[in-house]
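Down below is the structure, laid out as C-alpha cells.
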Amino acid sequence: MSIDEYLQSLIPERNGLIAEMEEYARLHNVPIMEPEGMETLLQILRLKNPQAILEVGAAIGYSALRMAEAFPNVKIVTIERDEERIGVAKENISKACAQDRVILIEGDALEVTESIKDYGTFDAIFIDAAKGQYRKFFELYEPFLNDSGIIVTDNVLFKGLVAVPEEEIEPRRIRSLVRKIKEYNVWLHNHPDYDTVILPIGDGVAISKHRGQRK
Ligand code: SAH
Ligand code: MG
C-alpha cells in the first residue's frame, strides 16, 4: 500500500448528495478534488476560519458544496464556464439547499472579474481551473483577497509530471502545460507578497498566504 492509499483509507466514506456527486464525477470524468486534497483544503480553511471564499473552477459544484457543508455560515462565490457543468452544478446547489450562499458565476474566469466586485472581498481563494492560466487567475483575483488571506491552488504537481525531464513528456501539449505549471510554481514561490508551500497531497496543493498589510 502506498502512503497515498493509506491516507485515503483513513478518510471516512461520504454519503448522500456528496457521494452521488463523486459517482457522477467518476462516470463523467469530471476532475473534482481527490479525497486527501479535499480534506487538506478544508483543514486549511478551518485554520483560517473564513467568512467568504472565492473559487475559480466550480465544475459540478463538488468542492464548493464540500466547503459549504464544512462552513455553514460562509458565503462561497464560484466561477464556471462549461455549460453542461453549470447545469449540473446548479442542480446540486439547489439539492443541497445552498442557493442563498453558494453563488455560481457563469462565464470565463478571465472575463467575469467585474461581476466578482459585487461580492466584496474574500478570506480565501481556491484556484482549480485551466492549468495554463493559473498565473492570470491569481493576478486577476488576488486583489479581492483580504489582508493575510490565503490562496490555495490545486493540481500544481500535475500527476508528478513537474518532476519528469521535459523531453520525456509526450504529447507536446502536455509538455507545454507542465512547463506553465512549473513557471507558476516558481513565480508563486518568489511572489513578494505571499509565502507559499506546496503539499504533495492529491495532485499537489499550493498554499499561499498573504503577508498582510495590503497597499
Ligand atoms: N473545483 C472543482 C473541480 C474543478 S475542475 C471540484 O473540485 O469539485 C476545473 C473546472 O474549471 C472545469 O469544470 C472547467 O470547465 C473550469 N474552467 C477551466 N477554465 C476556466 C475558466 N477560464 N473560467 C471558468 N471556468 C473554467
Ligand atoms: Mg483540481
Side-chain angles (χ1 to χ4, degrees), residues 7-8 10-109 112 115-116 118-131 137 141 144-146 149-156 199 201-207:
L7 292 176
Q8 199 154 337
L10 292 173
I11 299 171
E13 284 289 313
R14 278 73 58 203
N15 42 41
L17 176 63
I18 297 296
E20 270 174 41
M21 291 173 81
E22 290 179 2
E23 182 63 5
Y24 179 97
R26 201 178 58 76
L27 292 173
H28 295 84
N29 287 315
V30 183
I32 62 167
M33 271 204 121
E34 11 350 68
E36 311 96 283
M38 191 67 236
E39 295 301 327
T40 304
L41 172 64
L42 293 177
Q43 190 75 329
I44 290 159
L45 293 172
R46 283 184 198 106
L47 296 170
K48 178 71 194 157
N49 197 16
Q51 300 301 302
I53 303 170
L54 173 67
E55 176 181 73
V56 184
I60 58 169
Y62 177 77
S63 50
L65 287 175
R66 290 294 308 268
M67 293 190 279
E69 182 187 62
F71 306 103
N73 299 310
V74 168
K75 176 180 74 183
I76 297 158
V77 177
T78 182
I79 310 170
E80 177 56 53
R81 68 174 174 192
D82 181 273
E83 299 258 349
E84 195 177 332
R85 289 181 183 171
I86 288 171
V88 180
K90 278 182 173 166
E91 254 177 59
N92 288 326
I93 293 166
S94 65
K95 278 187 196 163
C97 299
Q99 306 92 310
D100 52 335
R101 54 194 197 89
V102 178
I103 297 140
L104 183 64
I105 306 287
E106 303 174 25
D108 193 312
V112 298
S115 44
I116 299 301
D118 303 340
Y119 298 98
T121 57
F122 301 89
D123 307 300
I125 299 177
F126 176 43
I127 300 176
D128 192 18
K131 292 193 228 346
F137 297 141
Y141 291 103
F144 297 96
L145 189 73
N146 290 325
I150 50 177
I151 300 186
V152 176
T153 316
D154 191 28
N155 310 99
V156 294
L199 304 180
I201 286 168
D203 198 26
V205 181
I207 324 285

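Keep in mind that the numbers below use all heavy atoms, side chains included, and drop hydrogens, waters and symmetry copies.
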message = As a test of understanding, state which of K95, Q99, E80, E106 forms a side chain to side chain contact (heavy atoms under 4.5 Å, CB included) with K90.
response = E106
key: Distance, nearest 0.5 Å, that separates NZ of K75 from CG of D100   = 12.0 Å
key: R66 and E39 ion-paired at < 4.0 Å   = yes
message = Side chains of I79 and L54, heavy atoms from C-beta outward: is any pair under 4.5 Å?
response = yes
query = Which value, rounded to the nearest 0.5 Å, describes the distance between E34 atom CD and L7 atom CG?
reply = 12.5 Å
query = Would a 4.5 Å heavy-atom cut-off, applied to side chains only, mark V88 and E91 as touching?
reply = no
ask   = Do L45 and I150 touch side chain to side chain, with heavy atoms closer than 4.5 Å?
value = yes
task = Supply the atom-to-atom distance L41 CG to L199 CG, rounded to the nearest 0.5 angstrom.
result = 11.0 Å
inquiry  = A side-chain contact here means heavy atoms from C-beta on lying under 4.5 Å apart; do I151 and Y141 qualify?
reply    = no
task = To the nearest 0.5 angstrom, please state how far the CD1 atom of I76 sits from the CZ atom of F71.
result = 8.5 Å
task = Taking all non-hydrogen atoms of both residues into account, name the closest pair between R85 and N29 and its distance.
result = NH2-O, 3.8 Å
ask   = What's the shortest heavy-atom distance between V205 and G37, and which atoms?
value = CG2-CA, 4.5 Å
query = Within a strict 4.5 Å, meaning less than it, do heavy atoms of the E22 and P35 side chains meet?
reply = no
task = Using side chain to side chain contact (heavy atoms under 4.5 Å, CB included) as the criterion, point out the one residue from D154, T153, V156 that pairs with I127.
result = T153
Considering all heavy atoms, the nearest A109-V56 contact = CB-CG1, 3.6 Å
key: Side-chain heavy atoms of I32 within contact of M38, under 4.5 Å   = no
request  = Taking the side chain as every heavy atom from C-beta outward, state whether M67 and V74 have any atom pair closer than 4.5 Å.
outcome  = no
key: Minimum-distance pair of heavy atoms, taken over all atoms of R101 and E69   = NH2-N, 4.5 Å
key: Non-hydrogen atoms of T78 and G57 that approach each other most closely   = OG1-C, 4.3 Å
Rounded distance (nearest 0.5 Å) linking atom CG of N92 with atom CE of M21 = 4.0 Å
query = Are Y119 and I105 side-chain neighbours, meaning at least one heavy-atom pair lies under 4.5 Å?
reply = yes
query = Closest heavy-atom contact between A89 and G61?
reply = CB-N, 3.9 Å
